[in-house]
Student: 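I have a structure here, written as structure tokens, and I will follow up with some questions on it.
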Amino acid sequence: EGEIAPIVVNLDYFPIYSGAGLTFPRVCGKIPLTMRKLPLKDAGIRLQPGDIVFTAGKGIISRLIRWASQHLSESKTQVNHVGIITGYGSLLTAQVTEALWRVRTHRLWDRYGNSRTQVAIFRPVNIDLAQRVSMARVALSYTDRKYGWWKLALHFGDKLLGGAYFFRRLAFIKKYPICSFVVADAYGSKGYSFGVKTGEAQPDDIWDFCLSSEEYRLIRPLEVLKG
């Protein structure tokens, strides 16, 4: 009916990743603390560095972000937040790096498991693993930086200008990153973009690009994460 998260072998068996700034979910021989079972449709998913995590929350701030990032000619915005997988594992154990109150790195499940927030995941299909590991390191370099909440006001200002990239140009993105910047900058470090400039990217821009591009594969649809 489901899956008990398996034990992951020791990092010594993966010398290519040693010193890459990535962490693996468990050490060989130790029983994982989380013994939850995942639904069959999620049990076989194994996340990798560089996978892109999108979420759609139910709260007022999440709804406002979706409203502000919707262009005049677009249909209803689906997501309001984005992060990047920086550590291997199942949906129970994989590590995600994302800009919240600060940029944090933690298990995906710890943040979104059994919550009301919907979670979708895309994977780049033509970017080699070494590049994805390098992109994950860039995202990890932002850990503990404060989130630029005041930048949301700049997004709302651009919304009033029909989605123009005007007020957001005033933001010091790297010092106070928002969620989409962390992902866009990680990908940009290897020359990849989501159809917009790194500082201009919003979660909806990255979502739309992944949906329309053959270079990205949806490995989990936008649904709540239960177990």
Student: Run the side chain to side chain donor-acceptor pair (under 3.5 Å) test against S141 and tell me which residues pass, sequence neighbours left out.
Tutor: none

Student: Roughly how far, to the nearest 0.5 Å, is the NZ atom of K146 from the CG atom of L100?
Tutor: 15.5 Å

Student: Could you report the tightest heavy-atom contact between A99 and P177, atom names first, then the distance?
Tutor: CB-O, 4.0 Å

Student: When you compare the side chains of E215 and Y192, does any donor N or O come within less than 3.5 Å of an acceptor on the partner?
Tutor: no

Student: Would you name the heavy atoms of G227 and N114 that are closest together and state the gap between them?
Tutor: N-OD1, 3.1 Å

Student: If every non-hydrogen atom of P49 is compared with every non-hydrogen atom of A136, which pair is closest and at what distance?
Tutor: CB-CB, 4.0 Å

Student: How long is the gap from OG on S134 to CG on L129, to the nearest 0.5 Å?
Tutor: 11.0 Å

Student: Check the angle between the aromatic planes of F209 and F194 and answer parallel, tilted or perpendicular using the 30° and 60° thresholds.
Tutor: perpendicular

Student: Atom CG of L225 and atom OG1 of T117: how far apart are they, to the nearest 0.5 Å?
Tutor: 10.0 Å

Student: Taking atom CD1 of I121 and atom CG of L222, what is their separation to the nearest 0.5 Å?
Tutor: 10.5 Å

Student: I want to check something: taking the side chain as every heavy atom from C-beta on, are Y216 and V125 in contact at a cut-off of under 4.5 Å?
Tutor: no

Student: Taking C-beta and beyond as the side chain, do S180 and I206 meet within less than 4.5 Å on heavy atoms?
Tutor: yes

Student: Do Q95 and R107 have side-chain atoms, one donor and one acceptor, less than 3.5 Å apart?
Tutor: no

Student: As an exercise, state the distance from OG1 of T93 to CG of L108, rounded to the nearest 0.5 Å.
Tutor: 9.5 Å

Student: Is the backbone of D205 close enough, under 3.5 Å, to the side chain of D208 for a donor and an acceptor to pair up by distance?
Tutor: no

Student: Considering residues at least two apart in sequence or located in another chain, which fulfil the side chain to side chain donor-acceptor pair (under 3.5 Å) criterion with Y112?
Tutor: E98

Student: Under the side-chain contact (heavy atoms from CB on, under 4.5 Å) test, which residues partner K58, sequence neighbours left out?
Tutor: R63, R116, Q118

Student: May I ask you to decide if D144's main-chain N or O and R102's side chain share a donor-acceptor pair within less than 3.5 Å?
Tutor: yes

Student: Taking only residues two or more places apart in sequence or in another chain, which ones pass salt bridge (Lys or Arg N to Asp or Glu O under 4.0 Å) with K41?
Tutor: E223

Student: Side-chain heavy atoms under 4.5 angstrom apart, residues restricted to Ile, Leu, Val, Met, Phe, Trp, Tyr: same cluster for V224 and V82?
Tutor: no

Student: Applying a strict under-4.5 Å side-chain criterion to I, L, V, M, F, W and Y, I'd like to know whether I127 and I84 cluster together.
Tutor: yes

Student: R104 versus T143: any side-chain heavy-atom pair under 4.5 Å?
Tutor: no

Student: Show me the pairs that pass salt bridge (Lys or Arg N to Asp or Glu O under 4.0 Å) and involve residues 181-192, at least two apart or across chains.
Tutor: K174-D185

Student: Quick one: side-chain contact (heavy atoms from CB on, under 4.5 Å) partners of S189, sequence neighbours excluded?
Tutor: M135, V138

Student: Is the closest side-chain heavy-atom distance between L38 and L91 below 4.5 Å?
Tutor: yes

Student: R111: what forms a side chain to side chain donor-acceptor pair (under 3.5 Å) with it, not counting sequence neighbours?
Tutor: none

Student: Flag the pair V79 / T55 as yes when at least one side-chain heavy-atom distance between them is below 4.5 Å, and no otherwise.
Tutor: no

Student: Among all residues two or more places apart in sequence or in another chain, which pass the side chain to side chain donor-acceptor pair (under 3.5 Å) test with Q78?
Tutor: none

Student: Evaluate side-chain hydrogen bond (donor to acceptor under 3.5 Å, both in side chains) for T105 paired with T97, printing each intermediate quantity in order.
Tutor: CA-CA 4 Å; T105 299; T97 297; 2.9 Å; yes

Student: Would the distance check show the side chain of D204 and the main-chain N or O of N80 forming a donor-acceptor pair, the cut-off being under 3.5 Å?
Tutor: no

Student: For F54, check ring pair (Phe, Tyr, Trp, His ring centres under 6.0 Å) against everything at least two apart and list the hits.
Tutor: F122, W207

Student: Would you say that I85 contacts I52 through its side chain, given a criterion of any heavy-atom pair below 4.5 Å between the two side chains?
Tutor: no

Student: Could you name each residue pair satisfying salt bridge (Lys or Arg N to Asp or Glu O under 4.0 Å) that touches residues 84-94, not counting sequence neighbours?
Tutor: none

Student: Would you please name every residue forming a salt bridge (Lys or Arg N to Asp or Glu O under 4.0 Å) with R123, sequence neighbours left out?
Tutor: D51

Student: Salt bridge (charged side-chain N to carboxylate O under 4.0 Å, His left out) between K226 and D42: does it pass, once the steps are laid out?
Tutor: CA-CA 9 Å; K226 295 182 178 180; D42 285 336; over 6 Å; no

Student: Give the minimum heavy-atom separation between P203 and H81, together with the two atoms involved.
Tutor: CB-N, 3.8 Å

Student: Do Q48 and Y88 touch side chain to side chain, with heavy atoms closer than 4.5 Å?
Tutor: yes

Student: I45 versus L47: any side-chain heavy-atom pair under 4.5 Å?
Tutor: yes

